[in-house]
Every structure is written in structure tokens, then in C-alpha cells.
**Student:** 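Dropping a structure here in C-alpha cells format, bear with me for questions.
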Amino acid sequence: MQELQFHLTVHNPFRAVEGFLIDIKTRCDSVHSVDSFRPEIESFLDSVFLTEACMIYAPSQIALAAIIHAASRQKQNLDRKVLVTCLLLSYVTESLFGEQGEEAILHIITCVRN
């Protein structure tokens with residue numbers, strides 16, 4: 001690749017995860033102990049890096065899927081209704097995924113789990 005003068009850059013989702021966690025802490029009163037999501041998020045991201053998901057999905061999409069996955073494993077409700085009341089992730093989900101919305105997030109989670 002050096003001889004072709006080609007540069008390949010893969011961005012990781014860690015910064016996006018931190019941003020989402022800060023937003024959830026400050027804007028979502030119904031979600032408790034957000035820091036307890038971290039082990040599940042890290043496990044999810046470790047699994048993601050073993051796939052080609054980083055080449056297919058934006059880091060923010062992977063980060064959002066990791067947070068929703070971690071919340072579901074912690075038995076916390078981060079579904080669309082909760083997110084709409086927070087005015088946070090529903091906007092982000094619709095902005096990032098468009099009409100696909102929740103289906104795309106569930107698809108990412110399912111691919112990583114398998």
C-alpha cells in the first residue's frame with residue numbers, strides 16, 4: 001500500500017461511546033448506573049473488532065449498538081420510548097440510520113452475537 005501511496009484509516013467507536021455515555025448521564029434521568037454498562041460495552045466492541053463491522057458501519061453506529069446491547073444485558077430499558085423521552089438517542093438513531101432505525105441496530109447486535 002505504501003508504494004501505491006494509499007492510506008487506509010479505520011476509525012474506532014471508543015470516542016463515540018464516551019460521548020453517548022456522557023449524553024445519557026446528563027440527559028436521561030430514567031437510566032441508572034450508566035458506568036455499569038462499560039464491561040458489556042467493551043466486550044461488545046472486542047467482538048466487533050473480530051468482524052468487518054468497522055468497515056461497514058460508522059463508529060457512531062457501532063457505539064450506539066454497543067450501548068443498547070449493554071443496557072439490554074443489564075436489564076435496563078433503553079428502547080425507543082425511553083430514548084424519545086430523553087430526546088437523545090432517538091434523534092441520533094434516526095439521523096445515523098435513517099429509515100432503517102432500530103432494525104439496523106438490531107442487525108448489528110445480531111451479527112456480533114453470532
Side-chain angles (χ1 to χ4, degrees):
M1 284 201 191
Q2 284 180 331
E3 292 188 27
L4 295 173
Q5 295 180 350
F6 184 79
H7 300 281
L8 179 63
T9 303
V10 178
H11 297 276
N12 64 53
F14 294 109
R15 183 173 287 174
V17 165
E18 292 302 320
F20 283 140
L21 290 177
I22 290 169
D23 282 346
I24 291 171
K25 286 179 190 177
T26 58
R27 297 183 187 180
C28 295
D29 297 331
S30 61
V31 180
H32 304 290
S33 65
V34 176
D35 287 324
S36 68
F37 293 176
R38 288 188 187 278
E40 291 292 336
I41 290 171
E42 290 175 11
S43 173
F44 183 89
L45 293 178
D46 288 342
S47 298
V48 165
F49 288 131
L50 298 175
T51 68
E52 58 274 337
C54 290
M55 303 298 227
I56 299 170
Y57 299 102
S60 54
Q61 294 174 326
I62 295 170
L64 186 58
I67 290 172
I68 291 174
H69 168 75
S72 71
R73 300 284 283 203
Q74 295 276 330
K75 305 286 192 251
Q76 292 218 24
N77 190 10
L78 258 185
D79 66 3
R80 187 174 183 91
K81 294 175 187 173
V82 172
L83 301 178
V84 167
T85 59
C86 298
L87 297 175
L88 168 67
L89 295 179
S90 63
Y91 169 75
V92 174
T93 302
E94 291 172 8
S95 297
L96 296 177
F97 291 103
E99 294 177 7
Q100 297 172 352
E102 294 175 17
E103 294 173 15
I105 293 171
L106 292 174
H107 178 70
I108 293 171
I109 292 171
T110 303
C111 288
V112 170
R113 284 182 181 169
N114 294 333

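Count residues from 1 along the sequence.
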**Student:** Any chance CZ of Arg38 has more than 12 other-residue heavy atoms, nucleotides or ligands included, within less than 6.0 Å?
**Tutor:**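 Atom CZ in Arg38 is crowded, with more than 12 foreign heavy atoms closer than 6.0 Å.
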**Student:** Distance from Asn12 atom CG to Ile62 atom CD1, nearest 0.5 Å?
**Tutor:**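 So the CG of Asn12 and the CD1 of Ile62 are separated by 9.5 Å.
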**Student:** Compile the donor-acceptor pairs under 3.5 Å between side chains in residues 40-56 and protein atoms, sequence neighbours left out, one pair per line.
**Tutor:**
{"residue": "Ser47", "atom": "OG", "partner": "Ser43", "partner atom": "O", "Å": "3.2"}
{"residue": "Thr51", "atom": "OG1", "partner": "Val48", "partner atom": "O", "Å": "2.7"}
{"residue": "Thr51", "atom": "OG1", "partner": "Ala53", "partner atom": "N", "Å": "3.2"}

**Student:** Identify the two heavy atoms, one from Pro13 and one from Pro59, that lie closest to each other, and give their separation to 0.1 Å.
**Tutor:**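 Closest approach of Pro13 to Pro59: CB-O, 3.3 Å.
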**Student:** Check Ser60 against Ala16 and note the closest heavy-atom contact, atom names and distance.
**Tutor:**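 Shortest heavy-atom contact: CA-CB, 3.9 Å.
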**Student:** To check you understand the geometry: which heavy-atom pair defines the closest contact between Leu64 and Phe20, and what is its length?
**Tutor:** N-CE1, 3.7 Å
